[in-house]
Amino acid sequence: MSGIVVGSDGSEASRYAVEWAVREAELLGEPLRVVHVLQRWLFEMPDSGPHTEVGRWAREDARTVVEEAAQHAREAVAGADVSAEVVPGDPRPGLIEAAKDATMLVVGGRGEGGFAGLLLGSVAHGVVGRADCPVVVVQGAPSERTGQIAVGIDNSAPSAVALERAFAEAAARNCTVRAIYAWPRGTSAEGIYGLRLDETEARRQLSDTVAPVAERYHTVTVVKAVAAGHPVGVLVGASAGADLLVVGRRGRGGFASLLLGSVSRGVLH
């Protein structure tokens with residue numbers, strides 16, 4: 001896999017996504033591909049015949065959107081390897097297909113409000129669970145760096161992948177990883193997860209999970225934290241002091257899998 005794909009629809013949210021993506025591409029030494037998805041019927045409308053001006057206008061507008069986004073990326077990072085492309089289809093499957101062999105897919109988290117905002121939100125939500133590569137949802141304008149990447153841990157295989165990604169990002173950015181193990185308060189945790197956790201056991205599981213990855217990334221400082229509380233609230237709270245929050249997408253099957261899905265969705269929203 002190679003290259004980072006970022007979706008652009010001309011909105012402020014996608015502009016922030018492009019800024020984040022081009023800086024990430026620079027960090028990882030990857031090319032950046034800016035993609036705008038145009039409805040197929042407009043993309044494939046012939047140049048002659050009734051109402052052809054509609055298709056021409058739509059294609060020209062789409063090209064303007066994606067070229068302006070690519071130019072914005074080049075201005076944000078001088079010398080960046082940036083390309084622009086308009087692809088046919090619906091936004092969610094179009095972006096997923098465009099990022100099929102990519103290192104990463106980046107999208108904006110919110111639109112400009114009203115129906116456009118709802119559509120962009122549905123795109124972000126739709127690609128997170130279906131893309132083959134990691135997906136980054138950029139929730140706002142770039143802010144001052146904190147030098148920390150937060151990652152949620154729950155002993156599942158996807159959270160192990162998330163942990164690996166968090167360490168890789170921290171190594172590229174020369175910052176700290178904050179690994180967080182959260183579980184619901186009270187004895188109800190036993191009914192939800194199928195096991196009873198106290199703080200000592202939670203810390204042991206967190207340490208056992210982090211140790212092999214930390215050994216491979218020995219230059220990265222890691223801070224381990226356990227918290228009793230709903231994972232969504234805990235992780236969202238941690239994101240306030242982090243440059244990036246990393247979570248896995250699926251759980252261990254059954255009800256636990258649904259819970260992890262609800263956690264990733266809750267964090268996303």
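No experiment lies behind these values; they were computed from the predicted model shown.
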Original post:
Should Tyr181 and Val222 be regarded as members of a common hydrophobic cluster, given that ILVMFWY residues are connected when their side-chain heavy atoms come within less than 4.5 Å of each other, either directly or indirectly?
Top reply: yes
**OP:** Could you verify whether a donor N or O on one side chain and an acceptor N or O on the other, from Glu67 and Gln71, lie under 3.5 Å apart?
**Re:** no
Subject >> Of all pairs that satisfy ring-ring contact (aromatic ring centres under 6.0 Å, His included), the ones with a partner from residues 127-176, not counting sequence neighbours >> reply: Phe167-Tyr217
**OP:** Report yes if the side chains of Val66 and Val35 come closer than 4.5 Å at any heavy-atom pair, otherwise no.
**Re:** no
Subject >> Side-chain heavy atoms of Ile4 within contact of Glu24, under 4.5 Å >> reply: yes
Original post:
Looking only at heavy atoms, which two atoms of Val22 and Ala76 are closest? And how far apart?
Top reply: CG1-CB, 4.0 Å
**OP:** Could you grab the distance from atom CD1 of Ile149 to atom SG of Cys175, nearest 0.5 Å is fine?
**Re:** 4.0 Å
**OP:** First locate atom CG of Leu244, then atom CZ of Arg145, and finally report the distance between them rounded to the nearest 0.5 Å.
**Re:** 11.0 Å
**OP:** State the CG-OG distance between Leu235 and Ser264, to the nearest 0.5 angstrom.
**Re:** 10.5 Å
**OP:** Would you mind reporting whether Val136 and Val107 have side-chain heavy atoms less than 4.5 Å apart?
**Re:** no
Original post:
Below 4.5 Å, heavy atoms only, C-beta onward: do Glu164 and Arg216 meet side chain to side chain?
Top reply: yes
**OP:** Find out if a path of hydrophobic residues (ILVMFWY) with successive side-chain heavy-atom gaps under 4.5 Å connects Val161 to Val128.
**Re:** no
**OP:** Please test Gln148 against Asp243 for side chain to side chain donor-acceptor pair (under 3.5 Å), starting from the C-alpha separation and ending with a verdict.
**Re:** CA-CA 6 Å; Gln148 185 176 107; Asp243 297 321; over 6 Å; no
**OP:** Kindly indicate, with the supporting measurements, whether the criterion salt bridge (charged side-chain N to carboxylate O under 4.0 Å, His left out) is fulfilled by Glu12 and Arg15.
**Re:** CA-CA 5 Å; Glu12 185 178 44; Arg15 184 179 177 88; over 6 Å; no
Original post:
Do Trp41 and Val65 share a hydrophobic cluster, counting only Ile, Leu, Val, Met, Phe, Trp and Tyr and linking them when any side-chain heavy atoms are less than 4.5 Å apart?
Top reply: no
**OP:** I would like to know whether Arg33 and Val6 meet side chain to side chain contact (heavy atoms under 4.5 Å, CB included); could you show each step before the answer?
**Re:** CA-CA 6 Å; Arg33 182 180 171 209; Val6 59; over 6 Å; no
Original post:
Salt bridge check: are Arg92 and Glu97 linked by an N-O gap of less than 4.0 Å?
Top reply: no
Original post:
Any link between Val54 and Phe43 through a network of hydrophobic side chains (Ile, Leu, Val, Met, Phe, Trp, Tyr) touching at under 4.5 Å?
Top reply: yes
Original post:
Which atom names give the shortest non-hydrogen contact between Arg165 and Pro134, and what distance separates them?
Top reply: NH2-CG, 3.6 Å
Original post:
Between CZ of Arg59 and CG of Leu42, what distance do you get to the nearest 0.5 Å?
Top reply: 8.0 Å
Original post:
Is a side-chain donor or acceptor of Ser14 paired with a backbone partner of Ala17 at a separation under 3.5 angstrom?
Top reply: no
**OP:** Identify the two heavy atoms, one from Pro91 and one from Gln39, that lie closest to each other, and give their separation to 0.1 Å.
**Re:** CD-NE2, 4.1 Å
Subject >> Nearest-0.5 Å distance, NZ of residue Lys224 to CD1 of residue Ile153 >> reply: 11.5 Å
Subject >> Flag, side chain of Ser159 to backbone of Ala162, donor-acceptor distance under 3.5 Å >> reply: no
Original post:
Are any of the side-chain heavy atoms of Val151 and Leu245 separated by less than 4.5 Å?
Top reply: no
Original post:
Are the side chains of Pro88 and Leu38 in touch, meaning some heavy atoms are under 4.5 Å apart?
Top reply: no
Original post:
What's the shortest heavy-atom distance between Ala225 and Arg178, and which atoms?
Top reply: CB-NH2, 3.7 Å
Original post:
What heavy-atom pair brings Val263 and Pro231 nearest, and what distance separates the two atoms?
Top reply: CG2-CB, 3.8 Å
Subject >> Side-chain donor/acceptor of Arg74 to backbone N/O of Ala80, under 3.5 Å >> reply: no
**OP:** Decide yes or no on salt bridge (charged side-chain N to carboxylate O under 4.0 Å, His left out) for Arg63 and Glu85, but give the supporting numbers first.
**Re:** CA-CA 8 Å; Arg63 176 53 60 181; Glu85 185 176 358; over 6 Å; no
**OP:** Report the distance from atom OG of Ser239 to atom CD1 of Ile180, rounding to the nearest 0.5 Å.
**Re:** 9.0 Å
Original post:
Judged by modelled atom types alone, do Thr52 and Arg56 share a side-chain donor-acceptor pair under 3.5 Å?
Top reply: yes
Subject >> Nearest atoms (heavy-atom pairs only) where Ala131 meets Leu105 >> reply: CB-CD2, 4.4 Å
Original post:
Does Thr221 reach the side chain of Val177, with side-chain heavy atoms less than 4.5 Å apart?
Top reply: no
Original post:
With a cut-off of 6.0 Å (strictly less than), are more than 12 heavy atoms of other residues, nucleotides or ligands near CD of Glu215?
Top reply: no
**OP:** Would you indicate whether the side-chain heavy atoms of Met104 and Val5 approach each other to under 4.5 Å?
**Re:** no
Subject >> Any donor-acceptor N/O pair, Glu30 side chain to Ala25 backbone, under 3.5 Å >> reply: no
